[in-house]
Amino acid sequence: MKNMLTIISNALCRITGRNVGAQTVSELLIDLSEYVNVTSPPAVPALAQTQAQTQRQPPKPPPVSTRAPAAQLVSAQADQLDTPGTRAVVSRSFADFTSQATFDIKKCDVHRLEEGPPLKAELTREQGLRYYRIMQTVRRMELKADQLYKQKIIRGFCHLYDGQEACAVGIEAAINPSDHLITAYRAHGYTYTRGIAVKEILAELTGRRGGVAKGKGGSMHMYAPHFYGGNGIVGAQVPLGAGIALACQYQGNNQVCVALYGDGAANQGQLFESFNMAALWKLPCIFTCENNQYGMGTSVERASASTDYYKRGDFIPGIRVDGMDVLCVREAFKFAAEHCRSGKGPIVMELKTYRYHGHSMSDPGVSYRTREEIQEVRSKSDPITMLKERMLSNNMASVEEFKEIDIAIRKEVEEAAQYATSDPEPPLEELCNHIFSNDSPLEVRGTNPWARLKSVS
Amino acid sequence: RLKNIVLGWNDLLCSKPMMVRDALNQAMDEELERDERVFLLGEEVAQYDGAYKVSRGLWKKYGDKRIIDTPITEMGFAGIAVGAAMAGLRPICEFMTFNFSMQAIDQIINSAAKTYYMSAGFQAVPIVFRGPNGASAGVAAQHSQCFAAWYAHCPGLKVVSPWNAEDAKGLLKSAIRDDNPVVFLENELMYGVPFEMSEESQSKDFTIPIGKAKVERQGTHVSLVSHSRYVSHCLDAAVVLAKEGIECEVINLRTIRPLDVECIETSVMKTNHLVTVEGGWPQFGVGAEICARIMEGPAFNYLDAPATRVTGVDIPMPYAKILEDNSLPQIKDIIFSVKKTLNV
């Protein structure tokens with residue numbers, strides 16, 4: 001028995017990185033007694049006794065997101081101890097974890113607002129694991145896209161989102177699926193959070209028929225219900241977002257539109273035209289600047305006379321948010337959505353965030369910034385690491401669990417990549433389809449006068 | 001009693017003449033009433049009753065929600081209109097003239113026209129961009145450009161160019177009911193011109209199909225193909241030419257894109273001669289496209305002479321009246337070109 005306690009104690013020390021005493025282990029064994037069948041000869045009667053006495057809750061089912069396809073979060077694991085005759089089947093007991101904790105979040109700078117978002121955020125275990133899973137999925141999906149691009153399986157434009165995950169996930173956590181969202185070309189993360197499966201995103205990047213836009217759109221033109229892309233022209237998506245907000249107001253459906261743009265687009269004239277009309281008409285539009293410090297190769301100081309992007313709405317209230325903290329983003333957007341829904345008009349958000357990759361796959365991303373800078377952000381402010389550490393230090397989940405989630409995600413992304421590389425390209429017969437909606441078939445001129453191609457809606 | 005019967009029949013057969021602007025107004029009024037997702041936005045469309053009074057009375061009837069005055073920010077409000085269309089509404093976006101649409105052209109082409117294709121049929125954009133196009137009178141270079149060729153170049157757009165009041169009403173109703181982006185090119189000089197309206201055009205469900213041209217005048221010697229205001233010029237030229245025994249077939253294109261090539265081909269195969277007439281510049285224009293299509297199709301073998309294009313002069317529009325008058329096709333230019341083509 002003492003041997004077993006030591007073995008388990010050592011294992012726990014390795015896993016948690018902490019000093020786990022034998023006393024703790026025996027307490028743990030008592031807790032596990034419901035599931036652990038200890039049959040070694042020097043079986044401790046005390047264990048058999050406590051088996052009947054202890055009351056244990058059955059394990060809670062693993063949290064599963066209702067949005068993206070569920071990855072298996074937790075699996076039962078069989079583990080065989082060295083001591084002969086001892087067999088233990090261990091499964092997780094979730095009852096020991098903290099189910100909810102409150103975290104301090106950074107205070108947001110505000111513009112033309114009496115008060116800003118709260119300074120504390122509540123996080124349930126279920127939420128935390130969900131945010132982790134979604135952020136990690138986006139991360140791994142983007143890294144897979146990087147890989148596929150370097151293998152020349154993805155071509156053309158590919159603007160990766162790794163580093164900025166907290167923005168997409170925090171926003172989605174704060175709004176409803178029935179709300180609307182539009183962004184620019186760094187859109188893969190949002191395509192996922194708005195409900196499209198990884199394999200459909202990757203297959204769109206590889207230009208296959210199973211892609212979300214059947215291979216006809218590519219990286220910058222992916223759509224989903226209440227998600228309007230994916231837009232290639234810098235800044236053009238912002239008036240579109242204001243228009244979507246107008247439709248919400250017109251239809252009286254209490255929905256809002258999040259219209260995202262980057263620090264580079266923040267200087268576009270059409271943004272200010274949109275701000276003006278949105279404020280005039282009190283459109284429920286959350287204008288959101290994802291400030292990742294660089295517009296392609298130009299740092300914010302070299303592009304903008306004012307880098308306080310949350311103030312650029314002038315007469316529109318604004319909030320500057322720590323875009324690396326998913327909880328900060330979530331609380332800020334809850335605040336913003338409430339602002340819009342209550343009829344106060346638009347609001348401007350600035351998310352201070354960072355992209356690990358260059359502007360696109362054609363940009364190594366180190367000619368205008370140092371590797372040290374990138375490394376510093378990675379080590380100090382990575383959004384996924386931050387969330388994980390928060391949860392671990394508050395005993396909201398185990399390292400094991402996160403590992404399991406990572407494994408499941410890796411599998412999902414790997415399978416998605418498999419699909420994306422093996423799915424066939426769109427058929428040539430469909431080349432000219434989808435010119436017009438709800439129209440009778442028409443003839444489309446091909447490359448020469450004898451090429452009369454057919455187009456259906 | 002007999003008098004009443006006659007008067008009644010008279011009413012049925014001849015409807016009151018209607019000006020083009022009123023036909024457009026009626027079309028919008030009927031469609032606003034029919035479908036509450038339809039709304040109008042643009043500069044001065046509401047409280048001013050429209051810069052050219054095309055939307056007169058609509059704001060009074062429908063209010064702020066459906067008739068929206070915008071600031072002078074074309075790129076912004078065109079984008080807003082496109083976004084509203086994506087999210088389920090059916091906007092009519094007015095440009096005070098199509099010259100200003102150039103500021104918004106990215107939203108028209110990249111956000112509206114291409115989206116249905118890029119999304120592989122997921123996201124439709126049911127929007128109408130309308131306003132006066134082409135030359136007016138004395139408004140000089142920056143306010144006189146014809147955009148028919150520019151917009152008709154792009155897949156994903158429908159481009160409509162009505163001539164008379166009946167065209168205006170039927171085509172605008174079709175455009176509003178169409179689930180796709182339609183560029184609707186009106187003509188300021190035609191707004192005040194009255195036309196007889198047919199019986200069927202009185203119906204609230206009267207529409208003219210987009211993509212079908214109309215033969216306004218039957219003829220045997222030459223096919224005159226035109227759109228918008230120059231259909232009038234062609235008809236006037238045809239009257240003069242008829243006195244000399246030349247019978248012109250006048251085709252009113254009604255739609256620039258998709259072009260009704262079959263109608264032109266059928267006509268050319270009958271008359272063996274083709275003259276196109278437009279107000280826009282010659283290079284890469286509507287007439288150029290018609291000539292190329294005729295060459296590529298069955299009608300080529302029926303041509304007894306090369307096709308001729310009558311166009312605006314290849315210069316920015318000058319201001320002085322004498323210069324302006326000589327920058328655009330006149331009836332004498334059409335007559336001259338027809339005779340040259342017929343070698344008479």
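Here is how names work: the chains are called A, B, and so on, in the same order as the sequence lines, proteins then strands, and each is numbered from 1. Below, each value reflects all heavy atoms present in this structure, side chains not excepted, and no hydrogens, waters or symmetry copies.
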Visitor: So, B:Arg37 versus A:Tyr250: side-chain donor-acceptor pair below 3.5 Å or not?
Guide: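 No pair is found: no donor N or O on one side chain lies under 3.5 Å from an acceptor on the other.
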Visitor: Taking side chain as everything from C-beta outward and backbone as N, CA, C, O, which of these in B:Gln103 sits under 4.5 Å from a heavy atom of chain A? Side chain, backbone, both or neither.
Guide: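 For B:Gln103, there is no contact with chain A at all, as no heavy atom is under 4.5 Å.
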Visitor: Would you say that more than 12 heavy atoms from the other residues, nucleotides or ligands in this model lie under 6.0 Å from the CZ of A:Arg155, or not?
Guide: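 Atom CZ in A:Arg155 is not crowded, with 12 or fewer foreign heavy atoms closer than 6.0 Å.
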Visitor: Please give me the minimum heavy-atom distance between B:Leu157 and A:Phe436, naming the atom from each residue.
Guide: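 That would be O-CZ, 3.5 Å.
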Visitor: Count the heavy atoms belonging to other residues, nucleotides or ligands that lie under 6.0 Å from CD1 of B:Ile72, then report whether that count exceeds 12.
Guide: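 12 or below, so no.
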Visitor: Taking 4.5 Å as the heavy-atom cut-off, does anything in residues 85-98 of chain B contact chain A, and if so which residues?
Guide: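 When heavy atoms of chain A are the reference, residues 85-98 of chain B contributes B:Met86, B:Ala87, B:Gly88, B:Leu89 within the under-4.5 Å range.
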Visitor: Side chains of A:Met220 and B:Met118: closer than 4.5 Å at any heavy-atom pair?
Guide: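 They are not in contact (no side-chain heavy atoms under 4.5 Å apart), so the answer is no.
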Visitor: For residues 196-232 of chain A, which residue pairs pass the ring pair (Phe, Tyr, Trp, His ring centres under 6.0 Å) check, not counting sequence neighbours?
Guide: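 For residues 196-232 of chain A: A:His180-A:His226, A:His180-A:Tyr228.
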Visitor: Using a 4.5 Å cut-off on heavy atoms from C-beta on, say whether the side chain of B:Phe39 contacts that of A:Leu246.
Guide: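 Side-chain contact under 4.5 Å: yes.
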Visitor: Chain B: which of A:Ala213, A:Ser437, A:Gly217 shares the most heavy-atom pairs with it under 4.5 Å?
Guide: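 Of A:Ala213, A:Ser437, A:Gly217, A:Ser437 has the most heavy-atom pairs under 4.5 Å with chain B.
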Visitor: Counting only non-hydrogen atoms closer than 4.5 Å, does B:Ile68 touch chain A with its backbone (N, CA, C, O), its side chain (CB onward), both, or neither?
Guide: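 For B:Ile68, the contact with chain A is made by the side chain alone.
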Visitor: Taking C-beta and beyond as the side chain, do A:Arg445 and B:Arg293 meet within less than 4.5 Å on heavy atoms?
Guide: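 No - every pair of side-chain heavy atoms lies 4.5 Å or more apart.
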Visitor: Measuring heavy-atom distances to chain A, does B:Asp106 have an atom under 4.5 Å in its side chain, in its backbone, in both, or in neither?
Guide: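 The side chain, not the backbone.
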Visitor: Give, as side chain, backbone, both or neither, the part of B:Phe122 having an atom under 4.5 angstrom from any heavy atom of chain A.
Guide: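 Contact with chain A is through the side chain of B:Phe122 alone.
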Visitor: A:Trp281 and B:Pro71: which non-hydrogen atoms are nearest, and at how many Å?
Guide: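 Residues A:Trp281 and B:Pro71, closest heavy atoms: CZ2-CD, 4.3 Å.
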Visitor: Are more than 12 heavy atoms from other residues, nucleotides or ligands located less than 6.0 Å from atom OH of B:Tyr302?
Guide: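 Check fails, neighbour count at 12 or below.
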Visitor: For B:Lys60, is the NZ atom crowded, meaning more than 12 foreign heavy atoms sit under 6.0 Å from it?
Guide: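 No, NZ of B:Lys60 has 12 or fewer neighbouring heavy atoms, counting only those of other groups under 6.0 Å.
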Visitor: If you compare all heavy atoms of B:Ser111 against all heavy atoms of A:Leu240, which two are closest, and at what distance to 0.1 Å?
Guide: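 Smallest interatomic distance, heavy atoms only, reads OG-CD1, 3.8 Å.
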Visitor: When heavy-atom pairs shorter than 4.5 Å are enumerated against chain A, which of B:Gly76, B:Ala120, B:Gly79 gives the highest number?
Guide: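 If we count pairs closer than 4.5 Å to chain A, B:Ala120 comes out on top.
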Visitor: Hey, are the side chains of A:Asp439 and B:Lys158 touching, using non-hydrogen atoms and a 4.5 Å cut-off?
Guide: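 Yes, their side chains come closer than 4.5 Å.
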